Amino acid sequence: MRAWTAPDVPTLPRAGAAAPVLVHDSTTRALVEAAPGAAATLYACGITPYDATHLGHANTYLAFDLLQRAWLDAGKTVVYTSNVTDVDDPLLERATATGVDWRDLALEQTELYRTDMTALRMLPPATWTGAVESIPAVVEAVTALLDAGAAYRVDRDVYADLSADAAFGTVAGFDAATMRGLFAERGGDPDRPGKRHPLDPALWRGEQPGEPSWDGGGLGPGRPGWHIECAVIARDGLGLPFDVQGGGADLLFPHHEMSTSHARLLGGGSARVHVHAGLLAYEGHKMSKSRGNLVFVSRLLAAGTDPMTIRLALLAHHYREEWEWTDAELGTAQRRLDRWTAAILTPSDDGEPASEVLDEVRAALAADLDAPRALAAVDRWAAHPGGDADVVVAAVDALLGVEL
Ligand SMILES: Nc1ncnc2c1ncn2[C@@H]1O[C@H](COS(=O)(=O)NC(=O)[C@@H](N)CS)[C@@H](O)[C@H]1O
Ligand SMILES: [Zn+2]
């Protein structure tokens, strides 16, 4: 699937001087080096293309944009793979509810997402694969799991047998009751008759009347399960194991637990590190499609909001923070943008040297992508701007993605 055009990322002085980029790993709940090697591989789960792109989505994708920018500045090559869940229960339900063809909804919303990501200067995935595009690889993977005795049929569906994976549950480390609750709440079917274990996730959904279905070979006609889609797309885009699997906090369980389990059983390992962004709330609840309390990037842009103001508003909060959006965030960000823009036009000789800002922004990102600390460094410089404003402009562009 076509992604979008990458924003230019300027090379900064003393590139590679940064400390290793450490991020919070959801599994060990500790700071770990995100990618020790010369190449950094990232799988960040993509959108389910309806109600795209709300500020919650943007908040999460911004975290992984910062991670890539820190890696690039450290001199690493970055390979970023993502998906579009362009067939899945919620998408089909929304298409039915709004009387549109699910294919049209997916295409239109995917294009809106591209436009929003471009406006926000997010780096695009090198490989961006739709669930529909992944079906041949999913059929092959599910067939292999069945042949290995790690999957089984229930009526026309196929489920993974989690007892085949001794390491299942080690990604999130949740207890059984928590897992069962979250599984039911987030698309699972623990009470489905015929399953060997309540948490076993669907790998392949047999054809249902009124639903799209594809040739599944020996599996019979149907469509892919959610978790196996990401396991296969990450494997095919990055190889196994890869460095970071990422998403919003709601993906830790069941989605990343299950997709990691599938990747493990397909052979080759899985993500070394699991990184999750805090969920953005609005009007007292997590911003979510089901509740409809959404603030859309495209609506803000259509109302004349500078995309760099949106980006700065999100950067003012640490990526793991759970916080509530208010429109006041935009005013604060706009004033900050105005101060920075004015400062680069009026540098003075006795102000703070630009090289210190660059060092501090670099160090902030290396410390679990601490954007608020990075903004504070630029604020200090803007209050008393020294020379070499072009170094500050380049650092703010390359590391924070904000074009002044
Ligand atoms: N309120 C929110 N705050 C922060 N991130 C959010 C919020 N709502 C959704 N996200 C994140 O945005 C990304 C896309 O969400 S999504 O459109 O529902 N799509 C999916 O979760 C699947 N297509 C992943 S394979 C996910 O990482 C999700 O965790
Ligand atoms: Zn996913």
Side-chain angles (χ1 to χ4, degrees), residues 1 26 42-65 67 80-94 105-106 109-110 112-113 116-117 120 122 125 127-134 138 171 182 185-187 201 224-238 242 244-263 270-271 274-297 314 317-325:
M1 190 176 270
S26 299
L42 164 70
Y43 185 78
C45 283
I47 49 155
T48 297
Y50 71 93
D51 281 348
T53 313
H54 63 66
L55 287 179
H57 296 140
N59 197 52
T60 286
Y61 293 117
L62 182 54
F64 299 102
D65 190 65
L67 177 58
Y80 169 29
T81 293
S82 187
N83 69 313
V84 178
T85 306
D86 56 0
V87 65
D88 198 1
D89 297 348
L91 180 74
L92 299 176
E93 283 153 21
R94 171 59 65 90
L105 178 61
Q109 291 288 301
T110 302
L112 180 59
Y113 176 77
D116 294 338
M117 289 294 106
L120 291 176
M122 302 282 194
T127 310
W128 200 34
T129 308
V132 175
E133 287 176 319
S134 75
V138 166
V171 171
L182 289 174
E185 194 183 305
R186 295 169 175 167
W226 178 25
H227 316 304
I228 187 70
E229 158 195 340
C230 285
V232 163
I233 292 170
R235 177 199 65 188
D236 294 352
L238 302 172
F242 56 92
V244 173
Q245 175 165 38
D250 60 322
L251 295 190
L252 171 57
F253 193 93
H255 187 50
H256 288 166
E257 187 77 57
M258 299 299 186
S259 57
T260 299
S261 176
H262 299 339
S270 56
H274 295 271
V275 179
H276 293 96
L279 297 185
L280 187 57
Y282 186 56
E283 294 171 344
H285 299 278
K286 167 200 160 194
M287 209 179 271
S288 78
K289 302 169 174 175
S290 48
R291 187 172 287 272
N293 58 331
L294 304 173
V295 178
F296 291 99
V297 170
L314 297 175
H317 298 265
H318 189 266
Y319 78 93
R320 284 193 291 121
E321 184 187 336
E322 297 235 344
W323 55 286
E324 170 129 10
W325 175 263

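Computed from a predicted structure; not experimentally measured. Each ligand, and each atom within it, is numbered from 1 in the order the structure gives.
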Item to complete: Would you check if Leu91 and Gln109 make a side-chain contact, meaning some heavy-atom pair closer than 4.5 Å?
Response: no

Discussion item. Within the structure provided, determine whether Phe242 and Thr81 are in side-chain contact (heavy-atom separation under 4.5 Å).
Written reply: no

Worksheet item: ligand 1 and Asn59, any nitrogen or oxygen pair closer than 3.5 angstrom?
Response: no

Discussion item. For a quick test of reading the model, state the closest non-hydrogen atom pair linking Asn293 to Ser288 and the distance between them.
Written reply: OD1-N, 3.0 Å

Worksheet item: atom 13 (C) of ligand 1: which protein heavy atom is closest, and how many Å away?
Response: Tyr61 OH, 3.4 Å

Fill in: Distance-only N or O hit between ligand 1 and Thr85, under 3.5 Å
yes

Item to complete: Can you figure out which of Cys45, Pro49, Ala281, Gly56 has its heavy atom closest to atom 2 (C) of ligand 1?
Response: Gly56

Worksheet entry | ligand 1 to Glu229 polar contact by distance, N or O atoms, under 3.5 Å | no

Response to the item:
Closest non-hydrogen atoms of Met287 and Trp325, given as atom of the first, atom of the second and distance, are CE-CB, 4.2 Å

Practice prompt. Any atoms of ligand 1 less than 4.0 Å from a non-hydrogen atom of Lys286? List them with their elements.
Written response: 1 (N)

Practice prompt. Can you see which heavy atom on Gly278 is nearest to which on Asn59, and at what distance?
Written response: O-ND2, 3.8 Å

Discussion item. A side-chain contact here means heavy atoms from C-beta on lying under 4.5 Å apart; do Tyr319 and Thr60 qualify?
Written reply: no

Discussion item. Using a 3.5 Å cut-off on N or O atoms only, is Gly248 in polar contact with ligand 1?
Written reply: yes

Discussion item. Need the ligand 1 atom indices (1-based, order shown) with element for anything under 4.0 Å from a heavy-atom of Cys230.
Written reply: 25 (S)

Fill in: Flag side-chain contact, heavy atom, 4.5 Å: Asn83 against Tyr43
yes

Worksheet item: Checking side-chain contact (heavy atoms from CB on, under 4.5 Å) against Tyr61, which of Asp116, Thr53, Ile47 comes through?
Response: Ile47

Discussion item. So, regarding Thr48 and ligand 1 (criterion: nitrogen or oxygen to nitrogen or oxygen, under 3.5 Å), is there a contact or not?
Written reply: yes

Discussion item. Quick one, Cys45 and His256 - any side-chain contact, counting heavy atoms below 4.5 Å?
Written reply: yes

Discussion item. Any non-hydrogen side-chain atom of Leu120 less than 4.5 Å from a side-chain atom of Leu62?
Written reply: no

Worksheet item: Quick one: which ligand 1 atoms are inside 4.0 Å of a heavy atom on Met287?
Response: 1 (N), 2 (C), 8 (N)

Fill in: Contact atoms of ligand 1, heavy-atom distance to Asn83 under 4.0 Å
25 (S)

Practice prompt. Give yes if a backbone or side-chain nitrogen or oxygen of Thr60 is under 3.5 Å from a nitrogen or oxygen of ligand 1, and no if not.
Written response: yes

Worksheet entry | Part of Asp250 with heavy atoms under 4.0 Å of ligand 1, whether side chain, backbone, both or neither | side chain

Practice prompt. Identify, by atom number and element, the atoms of ligand 1 in contact range of His255, meaning under 4.0 Å from any of its heavy atoms.
Written response: 25 (S)

Practice prompt. Give the residue, atom name and distance (to 0.1 Å) of the protein heavy atom nearest atom 3 (N) of ligand 1.
Written response: Leu280 N, 2.8 Å

Worksheet item: Within less than 4.0 angstrom of ligand 1, does Tyr282 place any heavy atom?
Response: no

Item to complete: Mind telling me whether His274 and His276 have parallel, tilted or perpendicular rings, with 30° and 60° as the class edges?
Response: parallel

Practice prompt. Look at atom 22 (C) of ligand 1 and say which protein heavy atom is nearest, naming residue and atom and giving the distance to 0.1 Å.
Written response: Gly46 O, 3.4 Å

Item to complete: Say whether Leu251, considering both its backbone and side-chain N or O atoms, lies within less than 3.5 Å of an N or O atom on ligand 1.
Response: no

Worksheet item: Should Thr129 and Asp236 count as side-chain neighbours, where that means a heavy-atom distance under 4.5 Å?
Response: no

Discussion item. Are Ile228 and Ser259 packed together at the side-chain level, in the sense that at least one heavy-atom pair is separated by less than 4.5 angstrom?
Written reply: no

Item to complete: Would you mind running through ligand 1 and noting each atom that sits below 4.0 Å from a heavy atom of His54?
Response: 7 (C), 8 (N)

Discussion item. If the cut-off is 4.0 Å to any non-hydrogen atom of Gly278, which atoms of ligand 1 fall inside it?
Written reply: 4 (C)

Worksheet item: Does some non-hydrogen atom of Ser288 fall short of 4.0 Å from ligand 1?
Response: no

Discussion item. Give the atom numbers and elements of ligand 1 that come within less than 4.0 Å of a heavy atom of Gly247.
Written reply: 27 (O)

Worksheet item: Tell me, which protein residue and heavy-atom name are nearest atom 10 (N) of ligand 1, and how many Å apart are they?
Response: His57 CD2, 4.2 Å

Worksheet item: Quick one: nearest non-hydrogen protein atom to atom 25 (S) of ligand 1, plus distance?
Response: Trp226 NE1, 3.2 Å

Discussion item. Less than 4.0 Å is my threshold; does some heavy atom of Ala277 fall inside it relative to ligand 1?
Written reply: no

Response to the item:
Of Arg186, Gln109, His256, Lys289, the one whose closest heavy atom lies nearest atom 17 (O) of ligand 1 is Lys289

Item to complete: Start with the C-alpha distance between Asp250 and Lys286, add both sets of side-chain angles, then the distance that settles side-chain contact (heavy atoms from CB on, under 4.5 Å), and finish with yes or no.
Response: CA-CA 10 Å; Asp250 60 322; Lys286 167 200 160 194; 3.8 Å; yes

Practice prompt. Return the number of protein N, O or S atoms with a distance to the Zn ion (ligand 2) smaller than 2.8 Å.
Written response: 3

Discussion item. Looking only at the side chains, is there a donor atom on one of Thr85 and Glu229 sitting less than 3.5 Å from an acceptor on the other?
Written reply: yes

